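Down below is the structure, laid out as structure tokens.
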Amino acid sequence: MAKHYKAMKQPLLYYCSIFIVLFCCSNAIAQDGVSVRFDTYSNLELNGYTKQNTLILSSGQDNVALLDKAILDSVDNIVIRGVCIDNTLLSGISKFDVSNAQLYDARGNVDSFFSVFLSMSKARALKIYNTDVDWNFPKHDWSSIKRLEISNCNILSLSEILKQMSGIRYFSVTDSRVSSVSFDTILASLVYLDLSACGLSNIPSCISNCPNLECFRYYGNHFTKTDCSVLKNIISLREIYLGDCGITEFPIELTELPHLHILVLDGNHIENVPDTITGFKELKYLGLGRTSYLLNKNTIDGLDVPFHIGKFPD
């Protein structure tokens, strides 16, 4: 790599380009104090995720009165924080037609809320955090949803939900207890999938049913190097994040992906990086932060590779 850098005629321009790539891949947009991580997939045509026209219902305030005062046509987003959802509140919410709903620490008639929200013609995006999800959760009609985020919840199975999400584009389940991820539905619209910290022991083979997947995040799930083989068949992949997964061997089979731009392997136990990493055709960044490789950088420093190697920014 040192040889490659020295050969650069415009080193300042090169490093500026690297900075721009990494910055764009770790951006976040705050929505009235609610942080929503978009990574490189912020433009998913989901207008509900904006800073405007958001109605926040929270504990310690008269939410029913707030709903009564809100102008129906001006509310696009509803955020519910720490509120016990009862029938009176549901009745008020049902009068709106919003594109985006977010539940944080919600309790009470949560399942009934899903029924109300999903019946809205504009319903496109739903985020659920630290909320008890009812057994009836998968039984609703999810066909209108383009973006679903679930975090810190208990979800027994995702297969029944995904069967009804033929148009889903962004699907994220993180920091949750998931017993299985298995589905036979072809999710042709899905471009972003995040299954980080869900206690999974292998990369689900069913993700091969996502032929247009571009970004796959799988932080904090422990599995073996051979489990990466399912990813090499999804040729649309541009970003793969496999940090803190207990990987001991470099997944060299991923060099077969023709459009891969970012591969993050931070926090694994990779000691040797093979010379064949030169096989990456379009790679821009290889993340090897907090790996055993850093103890013996001589195995890779002499390689002439056109991509940056280092620690991916938080």
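Note that the structure is a prediction, hence the values are computed from the model and not measured. Every heavy atom of this structure was used, including side-chain atoms; hydrogens, water molecules and symmetry mates were not.
- Using a 4.5 Å heavy-atom cutoff, the side chains of N63 and V83 are in contact.
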Less than 3.5 Å apart, which donor and acceptor atoms pair up between the side chains of residues 204-212 and the rest of the protein, not counting sequence neighbours?
residue: S208; atom: OG; partner: S205; partner atom: O; Å: 2.9
residue: N209; atom: ND2; partner: F183; partner atom: O; Å: 3.1
residue: N212; atom: ND2; partner: A188; partner atom: O; Å: 2.7

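- At a threshold of 4.5 Å between non-hydrogen side-chain atoms, the residues T248 and N268 do not count as touching.
- Side-chain atoms of D194 do not come within 3.5 Å of backbone N or O of F171 as any donor-acceptor pair.
- Within the 3.5 Å criterion, the main-chain N or O of S201 finds no donor-acceptor partner in the side chain of N221.
- Note: the hydrophobic cluster containing I235 does not contain I240 (ILVMFWY, side chain heavy atoms under 4.5 Å, direct or indirect links).
- No donor-acceptor contact under 3.5 angstrom links the side chains of N152 and D175, judged on distance only.
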Legend entry - Criterion side chain to side chain donor-acceptor pair (under 3.5 Å) on H140 and S115, from CA distance to verdict: CA-CA 7 Å; H140 298 290; S115 298; 3.3 Å; yes
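- You'll find the side chain of C84 reaches within 4.5 Å of the side chain of R107, heavy atoms only.
- Surrounding CG of D86 are more than 12 heavy atoms belonging to other residues, nucleotides or ligands, all under 6.0 Å away.
- Using the six-membered ring where Trp is involved, Y241 and Y219 have ring planes that are tilted, between 30° and 60° apart.
- Contact annotation: the side chain of F250 never approaches that of T276 to less than 4.5 Å [non-hydrogen atoms, C-beta and beyond].
- With a 6.0 Å radius and a threshold of 12 heavy atoms from other residues, nucleotides or ligands, L72 has its CG atom above the threshold.
- In this structure, the salt bridge (charged side-chain N to carboxylate O under 4.0 Å, His left out) partners of K163, at least two apart in sequence or on a different chain, are E160.
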Inset, instruction - Evaluate the criterion side chain to side chain donor-acceptor pair (under 3.5 Å) for residue pair H222 and D244; output intermediate values, then yes/no. - result: CA-CA 7 Å; H222 287 266; D244 298 297; over 6 Å; no
Inset, instruction - Begin with the C-alpha distance, continue with both residues' side-chain angles, and end with the deciding distance and a verdict on side chain to side chain donor-acceptor pair (under 3.5 Å) for N109 and N87. - result: CA-CA 8 Å; N109 297 343; N87 292 334; 3.1 Å; yes
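- Applying the ring pair (Phe, Tyr, Trp, His ring centres under 6.0 Å) criterion to Y218, with sequence neighbours excluded, gives F216, F223.
- By the 30° and 60° cut-offs, the orientation of the rings of W142 relative to F114 is tilted.
- A donor-acceptor contact shorter than 3.5 Å is absent between the side chain of S143 and the backbone of M165.
- Put simply, the side chain of F280 reaches to within 4.5 Å of the side chain of F307, judged on heavy atoms.
- Looking at Q61, its side chain does come within 3.5 Å of a backbone N or O of I56 through a donor-acceptor pair.
- By the rule that hydrophobic residues join a cluster once side-chain heavy atoms approach within less than 4.5 Å of another member, I93 and L66 end up as members of one cluster.
- Shown here is D73, whose CG atom has no more than 12 heavy atoms of other residues, nucleotides or ligands within 6.0 Å.
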